[in-house]
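Okay, structure first, notes after.
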Amino acid sequence: MKRAIATLAYLYALSMLIFLYGPLMVMIVMGFNRSPFYQLPFHFDLIWFQKLVTNERILVATRNSIVLALAVSLLATFLGTLAAWAMARYRFRGKSFLQVILVPPIAIPWLILAVALLLMFYWLKIPRSLFTLVVGHVGVSLPYVILVMMTRFQGVDWGLEEAARSLGADPLTAFRRIIFPLILPGLIASLMFTFAISFDNFTLSHFLAPQGVSTLPVEIYTSIRKGFTPEINAISAIVFFFSATLVIFSGREIKFVE
Amino acid sequence: MGRWRRLFSLIVLLTPSYGWLVFAVLAPLGIMFVFSFLSDVPIGERAVFFTLKNYQDFFQNTFYWRLTAKSLLTGLYTTILCILLGYPLALIMAKIIPHRWRTALFMLVIVPFWSNTIVRLYSWAIVLRKGGVLDLFIQWLGFESGSLEILYTYQAVLVGLVHGYLPYMVLTLYIAIDRVENSFLEAAASLGANAWQRFWRILFPLSLPGMISGSILIFIPTIGSFVEPRLLGGRTGTMIGTIIEDQFVQLFKWNFGATLAFLLLVVVLILMALLGLLLRQMRLLRGEGG
């Protein structure tokens, strides 16, 4: 009886994994199939990856996405870490309020935030540009950084810093030698996590990118609406493995509770 | 001296982040609210005045009522499906599978969730389309090609949504179930409770907060979804989210779009407030403090 239940449980878990991964696997495999119409039998071919290398639009969109995600992850992690530092280090009035207002940017559907930003930039007469994209992406990334780094800072024993100071270390040295190594895992996780948020974000970019400029998700979306080509499978396969790697490495740090 | 220095540090450390959040999140929502009462987008010399017309257009047109109902129902269906599919998996992860496999399974559940939404939906389009893998499988079973038309139906939208949001439910439920001490269950068993009673009397009630958090995390983004309906729903995929996108991208009726988005925001905020209250009540009842 117990054995039967265990077997059933494993089968169920397996079927859920097939549901979660099946379509993605099909997509990746089809990226290596010679037929442009996804015909079987399967003939292994790298032709779609070769075509990808000469596809100017996708290459430019990929470069845009990487530049944007780098800028967003550096900015969000830096600013968010400062705020988390203050929240963990000091007691002050209004702290719980500051924590509560981190929830809306996470919980409100991105569609609403995106159109609201579009309206504000229009009203301020700021043309859509890399800047408007960065404003939006950093805005939705900051709460995650602050939450993750606050947890990190709360684990820091501030007595260590005081000890270093009393032994003659100046504030900068104390930070560099004591605090920084302690929060480094959180910093790396935040960088990777916010990079993933920005790199994968379609909704904000869809509304905030300037005319004629696209990020990779926007480019893939446009191509899908035009029709199916295996080149998209190829780039999607690369994107999938890339995101998966990022999440696995940052996932150790972030407990995904928020 | 110390007090001023402290205040100074706090301001220097907190202003950049919170200033950014005000500029990128709060201010735009406020401006959206104002736009929803304007007669037109202010361009050049055009006369713009305050009006309730956008709200009247929404409330007097049953088309938008029906779409709102459809979006809310879609959120409900997605949430229920995620609970039904996710509960057994969370239970298996927390109580049945050996500890050493747990982290691996945990990671496996998370990865597709953080993978690109567009890529995920594209992969479903490949599987569900006519001549796609599912169609080939149906043919292999001996049915005619296209006898199961799935892509560009409402069901396809649900599949895409459930696929995207299932991990939320599994994770929040896993955390809740994992917290239930095995000793509770053993105590119940030693007092003669069978597996059925142990589940319904102990495990299930204790996992409810996790289920509620998971539900709200799924329900809120689902009612505002527009990419899933666009890519998998075709013409049947019109929802309040796609209508909002239309106002901005196709029709340039930005003020009406702002009205729709603001009304959606109100629904979201009400739901969040209700959830907060509900979770607090449950914690108070259990004596865990507020």
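On a predicted model such as this, the values are computed, not experimentally measured, just so you know. Chain letters run A, B, ... following the sequence lines, proteins first, then strands; residues in each count from 1.
- Atoms CD1 and CG, from B/Ile118 and A/Leu216 in turn, are 10.0 Å apart once rounded to the nearest 0.5 Å.
- In terms of heavy-atom proximity, B/Ser17 sits nearest to A/Leu79 at OG-O, 2.8 Å.
- Neither the backbone nor the side chain of B/Leu121 comes within contact range of chain A, judged by heavy atoms closer than 4.5 Å.
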**Q.** Stepwise side chain to side chain contact (heavy atoms under 4.5 Å, CB included) test for A/Val135 and B/Trp20
**A.** CA-CA 8 Å; A/Val135 168; B/Trp20 198 299; 4.3 Å; yes
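- At distances below 3.5 Å, not a single donor-acceptor pair connects side-chain atoms of A/Tyr10 with backbone N or O atoms of B/Ile97.
- Side-chain contact between A/Tyr12 and B/Leu85 is present, with heavy atoms from C-beta onward closer than 4.5 Å.
- Across A/Leu111 and B/Gly224, no two heavy atoms sit closer than the pair CD2-O, 3.5 Å.
- Atom OH in B/Tyr122 sits 12.0 Å away from atom CD1 in A/Ile235 (nearest 0.5 Å).
- Looking at A/Tyr221, both its backbone and its side chain come within 4.5 Å of chain B, counting heavy atoms on both sides.
- Ranked by non-hydrogen atom pairs under 4.5 Å with chain B, the options A/Thr81, A/Leu124, A/Leu82 are led by A/Leu82.
- Atom CZ of B/Phe37 is surrounded by more than 12 heavy atoms from other residues, nucleotides or ligands within 6.0 Å.
- Here A/Phe242 contributes atom CZ and B/Asn116 contributes atom CG; the two are 11.5 Å apart, rounded to the nearest 0.5 Å.
- Shortest non-hydrogen contact noted between B/Leu10 and A/Ala86 is CD2-CB, 3.8 Å.
- Residue contact with chain A, scored on non-hydrogen atoms closer than 4.5 Å, involves the side chain of B/Val249 exclusively.
- A distance-only check finds a donor-acceptor pair linking the side chain of B/Tyr18 to the backbone of A/Leu98 [under 3.5 Å].
- Only the side chain of A/Phe121 comes within less than 4.5 Å of a heavy atom of chain B; its backbone N, CA, C and O stay farther away.
- Of the atoms belonging to A/Ser236, heavy atoms from both backbone and side chain fall under 4.5 Å from chain B.
- Distance CZ/B/Arg120 to CE/A/Met27: 11.0 Å, rounded to 0.5 Å.
- No part of B/Phe33 comes within reach of chain A, as not one of its non-hydrogen atoms sits under 4.5 angstrom from that chain.
- For the pair A/Arg225/B/Leu231, a side-chain contact is recorded, criterion being any heavy-atom separation below 4.5 Å from C-beta on.
- No other option in B/Ala27, B/Pro88, B/Ala261, B/Pro221 has as many heavy-atom pairs under 4.5 Å with chain A as B/Pro88.
- At a 4.5 Å heavy-atom cutoff, the contact between A/Leu17 and chain B is made by side-chain atoms alone.
- Note on B/Ala24, B/Pro16, B/Ser225: by heavy-atom pairs under 4.5 Å with chain A, the leading option is B/Ala24.
- Contacts with chain B were tallied for A/Ser243, A/Ala116, A/Gly139, A/Ala84; A/Ala116 has the most, counting heavy-atom pairs under 4.5 Å.
- A/Val138 touches chain B through backbone and side chain together, each having a heavy atom under 4.5 Å away.
- Only the side chain of B/Val127 has a heavy atom closer than 4.5 Å to any heavy atom of chain A.
- Contact count against chain A (heavy-atom pairs under 4.5 Å) is highest for B/Ser123 among B/Pro167, B/Ser123, B/Ala258.
- At a 4.5 Å heavy-atom cutoff, the contact between B/Leu264 and chain A is made by backbone and side-chain atoms alike.
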Q. Checking side chain to side chain contact (heavy atoms under 4.5 Å, CB included) for the pair A/Val115/B/Gln247: CA distance, chi angles, key distance, verdict?
A. CA-CA 10 Å; A/Val115 300; B/Gln247 310 303 317; over 6 Å; no
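- Between A/Tyr122 and B/Phe35, the ring planes are perpendicular. Angles over 60° get that label, and only those under 30° would be called parallel.
- Contacts of B/Leu13 with chain A are made by both backbone and side-chain atoms, with heavy-atom separations under 4.5 Å.
- Within the 4.5 Å cutoff, no side-chain heavy atoms of A/His206 are placed close to those of B/Val227.
- Distance check, rounded to the nearest 0.5 Å: CG of B/Leu21 to CD1 of A/Ile146 gives 6.0 Å.
- With rounding to the nearest 0.5 Å, the separation of CZ in B/Phe226 from CZ in A/Phe202 is 5.0 Å.
- Aromatic ring pairs are classed by plane angle as parallel below 30°, tilted from 30° to 60° and perpendicular above 60°; the pair B/Trp124 and A/Phe19 is tilted.
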Q: For the pair B/Val25 and A/Leu113, evaluate side chain to side chain contact (heavy atoms under 4.5 Å, CB included) and give the outcome as yes or no after the intermediate values.
A: CA-CA 7 Å; B/Val25 179; A/Leu113 293 179; 3.8 Å; yes
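- Looking only at heavy-atom pairs under 4.5 Å with chain A, the residue among B/Val12, B/Leu29, B/Ile96 that has the most is B/Leu29.
- A/Val134 touches chain B through backbone and side chain together, each having a heavy atom under 4.5 Å away.
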Q) Going through the checks in order, is the side chain to side chain contact (heavy atoms under 4.5 Å, CB included) test met by B/Val41 and A/Trp123? A) CA-CA 9 Å; B/Val41 183; A/Trp123 184 65; over 6 Å; no
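- The greatest number of non-hydrogen atom pairs below 4.5 Å with chain A, out of B/Leu265, B/Ile216, B/Leu91, is found for B/Leu265.
- Neither the backbone nor the side chain of A/Arg89 comes within contact range of chain B; no heavy atom of the residue lies under 4.5 Å from a heavy atom of that chain.
- The greatest number of non-hydrogen atom pairs below 4.5 Å with chain A, out of B/Thr15, B/Ile31, B/Val159, is found for B/Ile31.
- In plain terms, the two heavy atoms of A/Pro109 and B/Val268 that are nearest each other are CD-CG2, 3.9 Å.
- Between B/Leu14 and A/Ala83, the shortest heavy-atom distance links the atoms CD2-O, 3.7 Å.
- Contact count versus chain B (heavy atoms, under 4.5 Å) is highest, among A/Phe92, A/Trp85, A/Phe240, for A/Phe92.
- Looking at B/Leu7, there are no atoms closer than 4.5 Å to chain A (heavy atoms on both sides), in backbone or side chain.
- A 6.0 Å sphere centred on CH2 of B/Trp101 holds no more than 12 heavy atoms belonging to other residues, nucleotides or ligands.
- Between chain B and the options A/Ile101, A/Leu102, A/Leu119, A/Val26, heavy-atom pairs under 4.5 Å are most frequent for A/Leu119.
- The heavy-atom pair separating A/Leu20 from B/Val109 by the smallest distance is CD1-CA, 4.3 Å.
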